[in-house]
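Below is a structure I'd like to ask you about.
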Amino acid sequence: MCGRYALGLQRAEIRALPGYPNLEIGEWVNEDNFVPRYNIAPNSQAPVIRRRNASSPDLQMQTMRWGIPYGKIHAKGQQAINARSENIMESAGMWNKYRSGNRCVVVSQGYYEWQTKGKAKLPHFTKNADGKVMLMAGLYHVSEETIPNYVFAIITTSASASLSWLHDRQPVILTSDADVTKWLDTSSNAWSAELALMIVCSYQVPKEVGKVGAESPAFVQPVATRKDGIEAMFAKQRAKQEGNNEGIKRKRSPSSVIPSMQSEPVGEVNKSPKIECKKFKIE
């Protein structure tokens with residue numbers, strides 16, 4: 001599933017859609033309702049892309065609330081934040097009335113998922129390895145009120161083999177301008193599960209992101225880069241050990257050390273911890 005994602009870019013950057021140069025976005029409806037955040041949770045206001053109308057290919061951005069209400073009585077909290085692609089393809093349940101005309105694209109920098117290890121749940125952030133924004137397929141609902149209320153849900157599918165270690169579900173990711181155009185073209189009145197291949201990057205992030213309302217740019221940064229992170233601790237230990245080893249060598253042979261065998265200076269050993277970004281192919 002996808003229950004939290006990030007979009008901390010400034011509005012001008014969001015409009016530019018880094019990585020999608022051929023997508024031209026017109027107006028941004030209710031732009032002022034969106035505040036850039038690194039911890040977007042259900043019920044938050046966030047931008048999506050949709051067609052201006054079904055007969056026009058012109059695209060617009062619109063700020064909507066995350067979560068589509070369902071049931072005869074829309075009780076508080078009774079809402080769908082995700083829509084299973086399997087149900088959409090089978091025209092099952094509430095999604096049948098949305099799939100033909102109410103398609104949208106959810107703009108993000110990436111999404112959070114929690115990996116279960118024993119009793120612990122470790123948050124990971126998955127994003128495009130090339131730095132472009134991540135566009136996720138979605139559906140939206142318009143309430144029948146005097147002032148229409150727009151809400152949306154993110155479509156999920158079974159996780160690819162390379163991401164199944166993290167969770168059994170993942171968002172449907174639109175990887176190219178052509179994918180976005182095809183998804184938003186509602187003239188076919190059908191859902192297509194054909195997706196391009198893409199490369200994404202996933203790594204562990206701070207546990208604080210699990211708190212609704214918490215906010216920090218550090219939420220999308222690898223936990224290993226934190227000054228109190230375990231990788232930083234190991235780096236300090238390695239630097240100290242190298243320093244001790246160099247001191248021992250100097251005591252044993254102060255004037256006969258072969259230059260090519262000299263240890264590196266402590267200042268060069270104590271480098272920033274190396275961050276390994278797992279790259280996966282989405283199938």
Side-chain angles (χ1 to χ4, degrees), residues 1-9 36-44 46 66-67 77 79-85 106-138 153-173 175 197-239 271-283:
M1 63 177 293
C2 177
R4 210 73 65 84
Y5 67 94
L7 187 59
L9 301 175
R37 297 194 61 193
Y38 291 95
N39 191 10
I40 297 178
N43 284 319
S44 298
W66 185 13
Q79 58 186 12
I81 62 173
N82 295 145
R84 295 176 67 92
S85 61
V106 182
V107 185
S108 76
Q109 288 176 268
Y111 68 95
Y112 298 101
E113 197 56 80
W114 278 254
Q115 180 189 27
T116 301
K117 279 194 172 183
K119 295 183 179 180
K121 289 186 178 296
L122 305 177
H124 287 66
F125 185 64
T126 300
K127 66 176 185 178
N128 284 332
D130 57 9
K132 68 180 183 180
V133 293
M134 180 176 283
L135 302 183
M136 302 179 286
I154 296 172
I155 299 174
T156 64
T157 188
S158 297
S160 64
S162 52
L163 274 180
S164 59
W165 62 272
L166 181 58
H167 198 275
D168 61 350
R169 305 289 296 179
Q170 69 176 68
V172 171
I173 301 168
T175 65
L197 297 178
M198 72 171 299
I199 298 297
V200 297
C201 173
S202 184
Y203 48 81
Q204 188 176 342
V205 292
K207 292 183 178 179
E208 291 86 345
V209 72
K211 300 177 182 177
V212 175
E215 186 63 31
S216 171
F219 290 170
V220 298
Q221 298 171 0
V223 69
T225 63
R226 297 179 64 172
K227 293 182 179 179
D228 59 344
I230 189 169
E231 290 294 337
M233 179 184 70
F234 286 155
K236 291 180 181 178
Q237 290 179 349
R238 286 195 298 269
K271 298 177 180 178
S272 299
K274 182 180 179 182
I275 306 304
E276 293 186 1
C277 188
K278 298 179 181 179
K279 294 182 179 180
F280 309 100
K281 181 179 289 185
I282 300 299
E283 300 173 347

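Keep in mind it's a predicted model, so treat the numbers as computed, not measured.
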Residues Asn43 and Gln79: side-chain donor-acceptor under 3.5 angstrom: yes

Nearest 0.5 Å, what's the OG1-OH distance between Thr126 and Tyr5?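 Reported to 0.5 Å precision, the distance equals 15.5 Å.
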
So, Trp66 side chain and Ala41 main chain: donor-acceptor pair closer than 3.5 Å or not?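 No.
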
How long is the span from the CD atom in Gln109 to the CG atom in Leu7, to the nearest 0.5 Å? 5.5 Å

Side chain Ser108, main chain Met134, donor-acceptor under 3.5 Å: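 Yes, because the side chain of Ser108 sits within donor-acceptor range (under 3.5 Å) of the backbone of Met134.
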
About how many Å separate CD1 of Ile40 and OH of Tyr112, when rounded to the nearest 0.5 Å? 9.0 Å

CG/Leu163 to CZ/Arg169 distance, rounded to the nearest 0.5 angstrom? 13.0 Å

Please round to the nearest 0.5 Å and tell me the distance separating atom CZ of Phe125 and atom CZ of Arg4.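 Nearest 0.5 Å value for the CZ-CZ distance: 13.0 Å.
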
For a quick test of reading the model, state the closest non-hydrogen atom pair linking Pro171 to Ile154 and the distance between them.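 Distance-wise, the nearest heavy atoms are CB-CG2, 4.1 Å.
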
Any donor and acceptor pair, going by atom type alone, linking the side chain of Asn128 with main-chain N or O of Asp130 inside 3.5 Å?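 No.
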
Which atom of Pro123 lies closest to which atom of Pro206, heavy atoms considered: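 Heavy atoms only, the tightest pair is CG-O, 3.3 Å.
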
Can you tell if the side chain of Leu135 reaches within under 4.5 Å of the side chain of Val107, non-hydrogen atoms only?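 Counting from C-beta outward, Leu135 and Val107 do come under 4.5 Å.
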
Side chain Ser85, main chain Thr156, donor-acceptor under 3.5 Å: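 At least one qualifying donor-acceptor pair exists.
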
Taking salt bridge (Lys or Arg N to Asp or Glu O under 4.0 Å) as the definition, give me every residue that meets it alongside Arg37, ordered by chain and number, with sequence neighbours left out.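 Once residues adjacent in sequence are excluded, the partners of Arg37 under the salt bridge (Lys or Arg N to Asp or Glu O under 4.0 Å) criterion are Glu215.
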
Rounded distance (nearest 0.5 Å) linking atom CD of Glu113 with atom CG of Asp168: 8.5 Å

Among all residues two or more places apart in sequence or in another chain, which pass the side chain to side chain contact (heavy atoms under 4.5 Å, CB included) test with Lys117?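 Result, side chain to side chain contact (heavy atoms under 4.5 Å, CB included) vs Lys117: Gln115, Leu122.
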
So which of Trp165, Tyr111, Trp114 actually passes ring pair (Phe, Tyr, Trp, His ring centres under 6.0 Å) with His124? Trp165

Ala153 versus Ala80, closest heavy-atom pair with distance: CB-O, 3.7 Å

State whether the side chain of Asn39 and the backbone N or O of Glu208 hold a donor-acceptor pair below 3.5 Å, judged by distance alone.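 Checking the backbone N and O of Glu208 against the side chain of Asn39, no donor-acceptor pair under 3.5 Å is found.
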
